[in-house]
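Everything below concerns the one structure shown next.
Any value given below was found using the heavy atoms of this structure, including those in side chains, with hydrogens, waters and symmetry copies removed. Atoms within a ligand are numbered from 1 in the order they appear, just like the ligands themselves.
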Amino acid sequence: MNNAELWERAQRWIPGGVNSPVRSFQAVGSTPFFVEHGSGPYLTDVDGRRYTDYVLSWGPLILGHSHPAVTEALAEQLHAGTSYGAPTEAEVELAERMVRLVPSVEMVRMVNSGTEATMSALRLARAATGRDMVAKFSGCYHGHADAFLVAAGSGVATLGLPDSPGVPAATAAQTAVLPFNDLSAVEELLAQRGSEIAAIFVEPVVGNSGLIPPLPGFLEGLRTLTSQHGVLLVFDEVMTGFRVALGGAQERYGVMPDLTTLGKVIGGGLPVGAFGGAAELMKRVAPSGSVYQAGTLSGNPLATAAGIAQLKYLEENDPFDALAAAAARLADGLVDALRTAGFPATGRSVGSMWGIFFHEGPVDSFEDAQQADTEAFSRFHAAALERGVFLAPSPYEVGFVSTAHTPEVVDETLAVFREAALAVSGSTEESQHN
Ligand SMILES: *Cc1c(COP(=O)(O)O)cnc(C)c1O
């Protein structure tokens, strides 16, 4: 079946044709391709078209598609069984690796997704502090649990309104939303309601409203303010973990959170999440403590094997300089290409994450990101895809690179960016003349 036929069929049986909304290409006014296979930096669709992939399953595939280290570990485990519901040595090894690599983590619990990791970390934070409220930053995504699905309000700290029907107003009212990179807003909220707040969750480098790094002093300030008010600081490193540095954003910026959530890279492309922190806190989790958290497939042997394979490769081969160089060239090269074609553009990279906005910048918050030209992004996205480069189909996502994105692959992509930018600026002029 080809892309068009599968899209027809998918929409009949699956809401919106996809199993996660952003895959639908709705944000760029288009329709998705259906993958036939992935290899290294490339995806091939059912129509036989090949794309250089900068989505990489939305982050997990830091070694690219079908890396032998991962597929061999999976093949080996496959013949020994897919799930036991009883502990394995591999779970212990993965926990040890995560504790060794992520500076603030002394003990860790595996779950099956980033969403589970953040909702479990929130329960633990509430239990440990005896407080119910939580604060987050607008434009930060922490999975789809009720407590985190709240929209940003304008101004300083606004109490959240549900972002989706089905989120009880009473739940959303427990979530305060703050502007990212704005310490005075944090200070004000904590001065007013600090004693009610269990935790502040943050993506230490925002990757879910485009790429927005923390301004100098922001994470340090969060650490100081939360400590002063007995509020737990939670770094959601589901995306940044093992991506912005081997030890995540906490290693890169030298700021230690109380709890850390992980996912994506630690599963090597299989469904995984984890949360961890100081042993004293983590010992509150059942069965050593009373904070309930469980999972039929948690610590699944296949996911664990793939995760260990990726982390081991990263530790042994230290590809972070090469990854960062590739990401920086892509961000700088795309900004150049867009400006040359007459578009306003700004872009950055942090480790193996990179992103651009159709906006002069600076972009330091979700509110800034929303000023960007999303319509121009959509046209550029289509022009790049047509030329074989797959960027995330939304202006509020980042690009990823893997070890398979060699300098030659990046060169080819930069040539496509230049061509696509000119093609899109040409079509702008045409449409203005029409
Ligand atoms: C992807 C992501 C999540 C959610 O993880 P899922 O595995 O999709 O549930 C949570 N937080 C951040 C920062 C993410 O990037």
Side-chain angles (χ1 to χ4, degrees), residues 18-24 54-62 98 102 108-123 125 134-150 152 163-164 175 177 180 199-214 219 222 233-245 248-250 252-253 257 259-276 293 295 297-300 303-304 306-307 310 350-355 366 369 392-394 396-400:
V18 289
N19 281 313
S20 193
V22 73
R23 289 181 207 165
S24 72
Y54 291 98
V55 181
L56 293 170
S57 187
W58 304 87
L61 304 181
I62 198 162
M98 289 190 283
V102 185
V108 63
R109 167 62 58 86
M110 295 297 299
V111 294
N112 302 292
S113 67
T115 294
E116 269 185 72
T118 57
M119 62 185 241
S120 305
L122 175 56
R123 180 175 302 146
V134 60
K136 70 177 284 286
F137 294 91
S138 58
C140 283
Y141 179 66
H142 302 297
H144 64 89
D146 286 355
F148 298 111
L149 274 193
V150 288
D163 220 12
S164 161
T175 303
V177 181
F180 189 72
I200 294 186
F201 276 67
V202 66
E203 283 184 73
V205 177
V206 184
N208 282 291
S209 34
L211 182 71
I212 307 178
L219 296 176
L222 273 185
L233 180 60
V234 185
F235 277 7
D236 182 353
E237 300 229 43
V238 170
M239 187 186 289
T240 54
F242 309 95
R243 268 223 170 258
V244 301
Q250 51 197 269
R252 188 180 179 103
Y253 297 98
L259 287 171
T260 300
T261 53
L262 296 165
K264 297 190 171 126
V265 169
I266 61 165
L270 277 86
V272 155
F275 65 105
Q293 193 285 320
L297 296 174
S298 294
N300 174 269
T304 309
Q310 280 209 148
V350 181
S352 59
M353 293 162 58
W354 59 281
F366 185 51
S394 158
Y396 299 120
E397 301 289 348
V398 293
F400 297 102

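For atom 9 (O) of ligand 1, a protein heavy-atom neighbour is present inside the 4.0 Å cut-off.
Remark: the backbone N or O of L61 is not paired with any side-chain donor or acceptor of Q310 at under 3.5 angstrom. Panel note: side chain E237, backbone A249; a donor-acceptor pair is recorded below 3.5 Å. A donor-acceptor pair under 3.5 Å is formed between the side chain of T175 and the backbone N or O of A147.
The heavy-atom pair separating I62 from S352 by the smallest distance is CD1-OG, 4.1 Å.
When each of V111, T261, V272 is checked for a side-chain contact (heavy atoms from CB on, under 4.5 Å) with E116, only V111 meets the rule. If you run ring pair (Phe, Tyr, Trp, His ring centres under 6.0 Å) between F366 and each of F137, F180, Y396, only Y396 comes through.
Taking only non-hydrogen atoms, the option from R243, K264, E237, M239 nearest to atom 2 (C) of ligand 1 is K264. One option in G267, G114, C140, G241 has a heavy atom closer to atom 6 (P) of ligand 1 than any other, and that option is G114. Of the candidates Y141, F235, F201, Y141 brings a heavy atom nearest to atom 12 (C) of ligand 1.
Under the 4.0 angstrom criterion for non-hydrogen atoms, N208 is in contact with ligand 1.
For atom 11 (N) of ligand 1, the closest heavy atom belonging to the protein is D236 OD2, 2.7 Å.
Residue S113 approaches ligand 1 through these ligand atoms, each under 4.0 Å from one of its heavy atoms: 7 (O), 9 (O). Less than 4.0 angstrom separates some heavy atom of H142 from each of these atoms of ligand 1: 10 (C), 11 (N).
A donor-acceptor contact closer than 3.5 angstrom links the side chains of R109 and Q293.
Counting heavy atoms under 4.0 Å from ligand 1, residue E203 touches it through the side chain alone. Residue-level proximity to ligand 1 for H144 is absent, since no heavy atom of it falls below 4.0 angstrom.
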